[in-house]
Amino acid sequence: MEENVPHKRSEFNKGTWTGEEDRKLAEVIAVQGARRWKTIANIAGLNRCGKSCRLRWMNYLRPNIKRGNITDQEEDLILRLHKLLGNRWSLIAGRLPGRTDNEIKNYWNSHLSKKVNQNEKQCGASARQGCKAQKRLAENAKEQVREENTSAGCEDSNMGFDVDEFFDFSNEEWVSRFLQV
DNA sequence: AACAACCTCAACCGCATCAGA
DNA sequence: GTCTGATGCGGTTGAGGTTGT
């Protein structure tokens, strides 16, 4: 049907990965490491773009990936983090070992967004404003930390610190307190 | 049993940022 | 300082599965 249409887009395979493709990709990454995805795709003989290979590895083939069965604790943490950070899926995923940003994003869109919408309807407009204010507050706080970090970091390396470390949610009490503000 | 409507999630796309030449 | 390719991120799509009628 489309054989005579020389679309640049049809250059690569698309769609679901086969077991064979997964195996080839994992083999090459074991040797080359998870970088230079274009090269990896070539070496593996996969007719896939580098992006596609990276995504496949990050979301499925990487070791220590947890799949399915998001626990109540994880769900609660996602809700809290989302309240705090918004749609920063990679940041949220970073706080949930073994979970990927894509999985969390999907879980949010299919499960949690509905829950949140229902809750918001119950809480009413005032609560919504509160949520927005919290989000703004968090964004401002983080931005401020970043700015301070950059400017201070230039002059005094002791002052420099990782923003992600600063926002370490492993201490849930901190998050609770922050959300109460 | 057949079909439609809905849901889930793997994968793609476009854009922004980073890093090296 | 600029260019270019690589990487990362979030939004979106669509195929396949499930549920309802």
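Here is how names work: the chains are called A, B, and so on, in the same order as the sequence lines, proteins then strands, and each is numbered from 1. Atoms considered below: every heavy atom in the structure, side chains included; atoms not considered: hydrogens, waters and symmetry mates. All figures in this text were calculated on a predicted structure; none of them were measured in a lab.
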Legend entry - A:Trp37 side-chain proximity, nearest of B:dA11, C:dT7, B:dA10: C:dT7
Legend entry - Distance in angstrom units between A:Trp57 CH2 and B:dC12 C1', rounded: 21 Å
Inset, instruction - Would you tell me if any nitrogen or oxygen in the side chain of A:Arg36 comes within less than 4.0 Å of OP1 or OP2 on C:dT7? - result: no
Legend entry - A:Arg48 charged N/C atom sitting above A:Trp17 aromatic ring, 6.0 Å / 45°: yes
Inset, instruction - Using atom CG of A:Asn42 as one end and atom C1' of C:dA6 as the other, report the distance to the nearest whole Å. - result: 14 Å
Inset, instruction - With A:Ile104 as reference, evaluate A:His82, A:Arg99, A:Arg95 under the side chain to side chain contact (heavy atoms under 4.5 Å, CB included) test and give the passing residue. - result: A:Arg99
Inset, instruction - Compare all side-chain heavy atoms of A:Leu81 with those of A:Leu91 and state whether any distance is below 4.5 angstrom. - result: no
Legend entry - Length of the line joining A:Lys14:NZ and C:dA15:C1', which is rounded to integer Å: 14 Å
Inset, instruction - Examine the base of B:dG14 for any acceptor or donor lying under 3.5 Å from a partner atom in the side chain of A:Lys51, and report the outcome as yes or no. - result: yes
Legend entry - Phosphate OP1/OP2 of C:dG10: any A:Arg88 side-chain N/O under 4.0 Å: yes
Inset, instruction - Using only side-chain N and O atoms of A:Asn102, determine if any of them is under 4.0 Å from OP1 or OP2 of B:dC9. - result: no
Legend entry - C:dC9 phosphate, OP1 or OP2, under 4.0 Å from A:Lys105 side-chain N/O: no
Inset, instruction - Say whether, by atom type as modelled, one donor and one acceptor occur between the side chain of A:Ser113 and the main chain of A:Trp108 under 3.5 angstrom. - result: yes
Inset, instruction - Ignoring backbone atoms, establish whether A:Trp108 has a side-chain N or O less than 4.0 Å from OP1 or OP2 of C:dG10. - result: no
Inset, instruction - Indicate yes or no for a side-chain donor-acceptor contact from A:Gln32 to the backbone of A:Ile29 under 3.5 Å, with no hydrogens or angles considered. - result: no
Legend entry - Distance, rounded to the nearest Å, where A:Gln32 contributes CD and C:dA6 contributes C1': 15 Å
Legend entry - N/O (side chain, A:Ser90) to phosphate O (OP1/OP2, C:dG10) under 4.0 Å: yes
Inset, instruction - Determine: side-chain N/O of A:Arg35 to OP1/OP2 of C:dA6, distance under 4.0 Å, yes or no. - result: no
Inset, instruction - Figure out the CD1/P separation between A:Ile104 and B:dA10, and round it to whole Å. - result: 13 Å
Inset, instruction - Starting from C1' on B:dA11, measure out to CG on A:Asp101 and report it in whole angstrom. - result: 13 Å
Inset, instruction - Establish, with yes or no, whether the OP1 or OP2 oxygen of B:dC9 is under 4.0 angstrom from a side-chain nitrogen or oxygen of A:Tyr107. - result: no
Inset, instruction - Answer yes or no: side-chain N or O of A:Lys38 and base N or O of C:dG5 forming a donor-acceptor pair under 3.5 Å. - result: no
Legend entry - Distance-only polar pair, side chains of A:Glu74 and A:Tyr107, donor-acceptor under 3.5 Å: no
Inset, instruction - Report the distance from atom CH2 of A:Trp17 to atom P of B:dC12, rounded to the nearest whole Å. - result: 8 Å
Legend entry - Closest to side chain of A:Arg54, choosing from C:dG10, B:dT8, C:dC9: C:dC9
Inset, instruction - Classify the nucleic acid contact of A:Gly15 as base, sugar-phosphate or nothing, counting any heavy atom under 4.0 Å across all strands shown. - result: sugar-phosphate
Inset, instruction - Take atom CG of A:Asn109 and atom C1' of B:dT8, then tell me their distance rounded to the nearest Å. - result: 11 Å
